[in-house]
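The next block holds one structure in the form of structure tokens; read it before the comments.
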Amino acid sequence: QKEVEQNSGPLSVPEGAIASLNCTYSDRGSQSFFWYRQYSGKSPELIMSIYSNGDKEDGRFTAQLNKASQYVSLLIRDSQPSDSATYLCAIYTGGFKTIFGAGTRLFVKA
Amino acid sequence: DVKVTQSSRYLVKRTGEKVFLECVQDMDHENMFWYRQDPGLGLRLIYFSYDVKMKEKGDIPEGYSVSREKKERFSLILESASTNQTSMYLCASSFGQGYTEAFFGQGTRLTVV
């Protein structure tokens, strides 16, 4: 079992819909959780971080964390074609160890 | 704006060559990282450094070494390039203890032939 698992996709949603991206992890000691967005040919950039159970909202983005079930998700409301990218889940487990998932490719159709 | 700059966007090297990838950050960050990114495998940590002249192995250090002589510069060295080191290499930097937001460079696409 991989330490951080994401569905590779592609996930295709119509413009204006909600895109739901999921990530599961194996280390129960994981401390911090991050979502990065990576456009094709570009480097990753942080869009959300979450540290405690529950929801965290930032504009059209909502991160959800459930430590008991060991999953973290990212919801994108009112999806736009400009949201088309690969979304990487990153889990900080302590020290300097951060594990990245392989990413989920999202396509938003106009 | 935080800027992390990698010296080359694309590199083509021959098997057995010694390869240097350079990374410079301008935000006085303590921590610097080298990752490689391969399809289906995500980002894998090669080496990181939390201070000048300090380095720690990541998950896949074999075949690589690093150098950090100045705070702003972190170099990745492929001692003898092999075809299985063909990949996208990403440098990142971050501030403070533990893990906070990492700022990435634009990446170097290395092809070893």
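The figures that follow rest on heavy atoms only: side chains count, while hydrogens, waters and symmetry mates do not. Labels below follow one simple rule: chain letters A, B, ... track the order of the sequence lines, proteins then strands, and each chain is numbered from 1.
Residue B:Arg9 touches chain A through its side chain alone, counting heavy-atom pairs closer than 4.5 Å. Looking at A:Gln6, neither its backbone nor its side chain comes within 4.5 Å of chain B, counting heavy atoms on both sides. Only the side chain of B:Asp59 comes within less than 4.5 Å of a heavy atom in chain A; its backbone stays farther off. With a threshold of 4.5 angstrom between heavy atoms, B:Leu90 approaches chain A through side-chain atoms but not through N, CA, C or O. At a 4.5 Å heavy-atom cutoff, B:Glu56 makes no contact with chain A through either its backbone or its side chain.
The residues A:Asp58 and A:Lys56 are annotated as not salt-bridged, no charged nitrogen and carboxylate oxygen being separated by less than 4.0 angstrom. The pair A:Arg60-A:Asp83 meets the salt-bridge criterion, since a charged nitrogen lies less than 4.0 angstrom from a carboxylate oxygen. Salt bridge absent: B:Lys57 and B:Glu62 never bring a charged side-chain N and a carboxylate O closer than 4.0 Å.
Looking only at atom types and distance, the side chain of B:Asn31 has a donor-acceptor partner in the side chain of B:Ser94 under 3.5 Å away.
Below 30°, between 30° and 60°, or above 60°: for B:Phe104 and B:Tyr35 the angle between ring planes is between 30° and 60°, a tilted geometry.
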